[in-house]
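Here the structure is a predicted model, which means the values were calculated and not measured. In this chain, numbering begins with 1 at the start of the sequence shown.
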Amino acid sequence: MKLSEKEKAAHRAAFQTMSLPEKLDHIYTYYKWPILLGIIALIILGSVVQRQLTKKEPLLYLALANVEVGEDLDDSLTSGFLRAVGADPRRQEVSLYRGLYLSDDSDTVNHQYAYASHIKVMGAVNAKKLDVMLMNREAYDLLSGSGYLLALTDLPDGVDASLRERIAPYITANDVILSDNAIEWELGEAESHEVVTETVENAIALNSLPLFENAGFDEPVYLGIAVNSPRLTECAQYTAYLFS
């Protein structure tokens with residue numbers, strides 16, 4: 001019920017005559033829910049503002065597929081790159097997908113984990129949130145065959161010619177599947193299983209580089225660039241950084 005001005009004045013006068021404990025009790029009794037809701041709203045607003053102020057913009061998305069790195073190399077692959085290109089680590093970051101495991105071995109005990117990792121990679125590529133991949137040979141074969149890796153001849157024209165010369169001895173080629181009638185063959189709709197492939201230069205061998213040669217890898221490690229990365233200039237910068 002809406003109070004008249006006279007009633008409001010009487011309430012104010014009565015409030016003024018109350019002792020401090022009585023005033024606090026009055027406020028708690030009649031205004032606790034608005035106050036509580038206001039506090040909750042302030043907390044939510046503060047949390048949103050804090051997230052916006054501390055939010056980091058990914059300069060590059062990096063994935064480690066079947067590759068584990070130590071703390072020092074992890075720092076070099078992320079913060080080291082930011083320092084090298086003069087990025088502000090308070091506002092930018094290298095977004096890193098760790099712990100990806102890719103395999104087409106259906107007998108492995110980690111088959112479900114491999115499937116989940118494949119879905120994660122596929123989702124990141126489709127969302128254009130994957131730029132550079134470090135991978136072992138098994139992951140390289142799978143990612144290449146699926147067409148996820150950019151042909152290194154497709155790097156932007158603006159890439160420094162000296163970088164092209166430096167990476168040339170380390171470039172490796174792999175098969176890319178253009179067509180595969182495995183489903184039709186398994187369903188009896190094709191007389192034979194036919195796979196059409198082409199060989200593409202789509203990765204760089206890293207083990208002999210100073211950053212990797214003493215990192216303890218017991219198998220080759222490769223760098224590949226996502227086929228649809230919208231950050232090819234940053235990918236080229238990252239490659240140059242690894243070779244610096």
Side-chain angles (χ1 to χ4, degrees), residues 58 60-78 93-152 170-207 211-212 215-231 235 238 242:
L60 193 81
Y61 291 89
L62 171 66
L64 304 180
N66 299 11
V67 171
E68 297 289 339
V69 300
E71 184 176 339
D72 290 342
L73 183 54
D74 188 301
D75 180 74
S76 296
L77 294 174
T78 54
E93 66 177 353
V94 174
S95 184
L96 182 57
Y97 298 98
R98 296 180 177 86
L100 296 174
Y101 174 70
L102 301 176
S103 176
D104 62 355
D105 185 358
S106 60
D107 295 329
T108 180
V109 294
N110 293 320
H111 178 63
Q112 289 186 332
Y113 184 38
Y115 178 77
S117 294
H118 178 80
I119 295 299
K120 188 172 184 178
V121 170
M122 182 173 63
V125 170
N126 289 337
K128 295 185 178 181
K129 291 186 176 181
L130 183 53
D131 302 307
V132 177
M133 291 169 262
L134 300 186
M135 53 208 165
N136 73 347
R137 185 70 201 197
E138 182 179 20
Y140 174 30
D141 290 342
L142 290 170
L143 292 169
S144 176
S146 298
Y148 287 148
L149 302 180
L150 180 77
L152 297 178
Y170 305 91
I171 291 177
T172 62
N174 208 334
D175 291 334
V176 176
I177 298 175
L178 301 179
S179 65
D180 184 353
N181 70 340
I183 296 178
E184 291 81 357
W185 182 61
E186 291 176 358
L187 294 175
E189 298 175 358
E191 294 182 359
S192 61
H193 182 199
E194 297 179 359
V195 181
V196 179
T197 65
E198 69 172 336
T199 301
V200 177
E201 294 181 340
N202 55 9
I204 302 169
L206 300 176
N207 290 67
L211 193 61
F212 293 88
F217 295 114
D218 56 3
E219 59 180 332
V221 176
Y222 302 89
L223 175 146
I225 297 173
V227 67
N228 64 343
S229 169
R231 290 166 285 273
C235 292
Y238 194 79
L242 297 182

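Residue Glu191 qualifies as open at atom CD: its count of foreign heavy atoms under 6.0 Å is 12 or below. With a 6.0 Å radius and a threshold of 12 heavy atoms from other residues, nucleotides or ligands, Glu184 has its CD atom above the threshold. More than 12 heavy-atom neighbours from other residues, nucleotides or ligands sit within 6.0 angstrom of CG on Asp175. Few gaps surround CD1 on Ile119; more than 12 heavy atoms of other groups in view lie less than 6.0 Å from it.
Going from atom OG1 of Thr78 over to atom CD of Glu93 covers 9.5 Å, rounded to the nearest 0.5 Å. Within the model, atoms CZ of Phe212 and CG of Leu223 stand 7.5 Å from one another, a figure rounded to the nearest 0.5 Å. Between the CG atom in Asn202 and the OH atom in Tyr222 there is a gap of 11.0 Å [rounded to 0.5 Å]. The CG atom of Leu130 sits 6.0 Å away from atom OH of Tyr97, with the distance rounded to the nearest 0.5 Å. In this structure, Met122 CE and Ser146 OG are separated by 9.5 Å, a value rounded to the nearest 0.5 Å. Rounding to the nearest 0.5 Å gives a distance of 4.0 Å between CG of Asn66 and CG of Asn136.
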Go through the steps for Leu77 and Leu134 under the test side-chain contact (heavy atoms from CB on, under 4.5 Å), then give the verdict. CA-CA 10 Å; Leu77 294 174; Leu134 300 186; 3.8 Å; yes
Check the pair Tyr238, Leu62 against side-chain contact (heavy atoms from CB on, under 4.5 Å), reporting the backbone distance first and the verdict last. CA-CA 10 Å; Tyr238 194 79; Leu62 171 66; 3.4 Å; yes
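For Pro58 against Ser95, the heavy-atom pair with the smallest separation is CB-CB, 4.2 Å. In terms of heavy atoms, Leu143 sits closest to Met133 at CD1-SD, 3.6 Å. Taking both residues in full, the closest heavy atoms of Ala173 and Thr199 are given as CB-CG2, 3.6 Å, listed atom of the first, atom of the second, then distance. Contact between Ala203 and Leu152 at its shortest, heavy atoms only, is O-CD1, 3.6 Å. The two atoms that bring Ser229 and Cys235 nearest to each other are OG-SG, 3.6 Å, heavy atoms only. Closest heavy-atom contact between Val227 and Gly147: CG1-O, 3.6 Å.
Under the 4.5 Å side-chain criterion, counting only non-hydrogen atoms from C-beta, Arg137 is in contact with Tyr140. Between Leu60 and Val132 the shortest side-chain heavy-atom distance falls below 4.5 Å. Ser76 is listed as a side-chain neighbour of Leu211, based on a closest heavy-atom distance under 4.5 Å. Counting heavy atoms from C-beta on, the side chains of Leu242 and Ile204 never come closer than 4.5 Å.
Applying the salt bridge (charged side-chain N to carboxylate O under 4.0 Å, His left out) test to every pair with at least one member in residues 114-131, sequence neighbours left out, gives these pairs: Asp131-Arg231.
By the 30° and 60° cut-offs, the orientation of the rings of Tyr113 relative to Tyr101 is parallel.
Panel note: side chain Asp75, backbone Glu71; no donor-acceptor pair is recorded below 3.5 Å.
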